[in-house]
Amino acid sequence: MADFDVASVRVNPVAPPPVGADTLAALARASASLVVDQDEDDCLSLPAGLRPLGDRPGNTFLCAPAFTINARPGDNVAVRLGIERAEPGQVLVIAGKADRSRGLIGEIMARKAAARGIAGFVIEGVVRDGAAIGRLDLPVFCLGSALKRATKHGHGDVGYPVAIGNEVVYPGDVVVADLDGTAVVRSAGAAAVAARIEAALAYEADRMRSADAGTLDLGVGGPARS
Ligand SMILES: O=C([O-])CC(=O)C(=O)O
Ligand SMILES: [Mg+2]
């Protein structure tokens, strides 16, 4: 790290609010779309286009608390610092202004993160070595791949709220990402959302049994159902 101007990166010394293991386990049973159904204030949807690398089943779903990084677009000094500072089990959520010119992580950085027990990445930007990263045991949701490596000029923020598209992700918010998209649950509302998820899963299972049985119940004259 000595070669990089890490002093140019602002690091938040305050740890994010914790989210209980039971809450995380309940959210991990939901799909991203079921999560955003639950609450408009506490559950948000990140912009479309964040896709998992590779098709290993374990890499196409991610549920973990966010460790946020605001990267200077196309530069990965803040990302490198974030990989060192994040706690095992957190997902690195990187705001990169949707820059697609340079990969913010590559296979080596991804391997370092996996070795540290990082749960995965959500990158509003691109990677390099994307095919190799997709073969690791590490979910990485991003906008695609580029050939050029990131610059190492520095600047950026680690552990502060980040803006991705029109949304803001706070440290400790819970990410639920799958093939449909990336949802984020506010940490303060996560337990209540998790309780609603339990009920929603039971309701959906009932609706699916009914759908599989061919029941025609379009809700005409009754409550709207899907
Ligand atoms: O060096 C970089 O910036 C990214 C890279 O290719 C790697 O981590 O393998
Ligand atoms: Mg590389």
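All figures in this text were calculated on a predicted structure; none of them were measured in a lab. Just follow the structure's listing: the first ligand is 1, and inside any ligand the first atom is 1.
Ion pair Lys112/Glu84 not flagged as a salt bridge, since none of the NZ, NE, NH1 or NH2 atoms sits closer than 4.0 Å to an Asp/Glu carboxylate oxygen.
In this structure, Asn76 and Gly103 approach most closely via the heavy-atom pair ND2-O, 4.4 Å.
For ligand 1 and Gly106, the ligand atoms under 4.0 Å from any heavy atom of the residue are 4 (C), 5 (C), 6 (O), 7 (C), 8 (O), 9 (O). The contact set between ligand 1 and Asp129, taken as ligand atoms under 4.0 Å from a residue heavy atom, comprises 5 (C), 6 (O), 7 (C), 9 (O). Residue-ligand proximity, Arg128 to ligand 1, at heavy-atom distances under 4.0 Å covers atoms 5 (C), 6 (O). Close contacts between ligand 1 and Ile108 involve ligand atoms 7 (C), 8 (O), 9 (O) [criterion: under 4.0 Å to a heavy atom]. Of all atoms in ligand 1, numbered sequentially from 1 with element shown, those under 4.0 Å from a heavy atom of Asn76 are 2 (C), 3 (O). Under a 4.0 Å criterion applied to the non-hydrogen atoms of Arg149, ligand 1 contributes the atoms 1 (O).
No continuous path of ILVMFWY side-chain contacts below 4.5 Å connects Val9 to Val162, so the two sit in separate hydrophobic clusters.
Atom CZ of Arg135 sits about 11.0 Å away from atom CG of Asp55, to the nearest 0.5 Å. With values rounded to the nearest 0.5 angstrom, Ser210 atom OG is found 9.0 Å from Leu216 atom CG.
Taking backbone and side-chain atoms together, Asp129 has an N/O/S atom less than 2.8 Å away from the Mg ion (ligand 2).
When atom types are taken as modelled, the side chain of Asn12 and the backbone of Gly159 share a donor-acceptor pair closer than 3.5 angstrom.
The closest approach between a heavy atom of Lys152 and any atom of ligand 1 is below 4.0 Å. Judged by the shortest distance from any of its heavy atoms, Arg80 lies inside the 4.0 Å radius around the atoms of ligand 1.
If you look at Met109 next to ligand 1, the close heavy atoms, those under 4.0 Å, come from the backbone and the side chain alike.
Between Pro139 and Asn59, some side-chain heavy-atom pair lies under the 4.5 Å cut-off.
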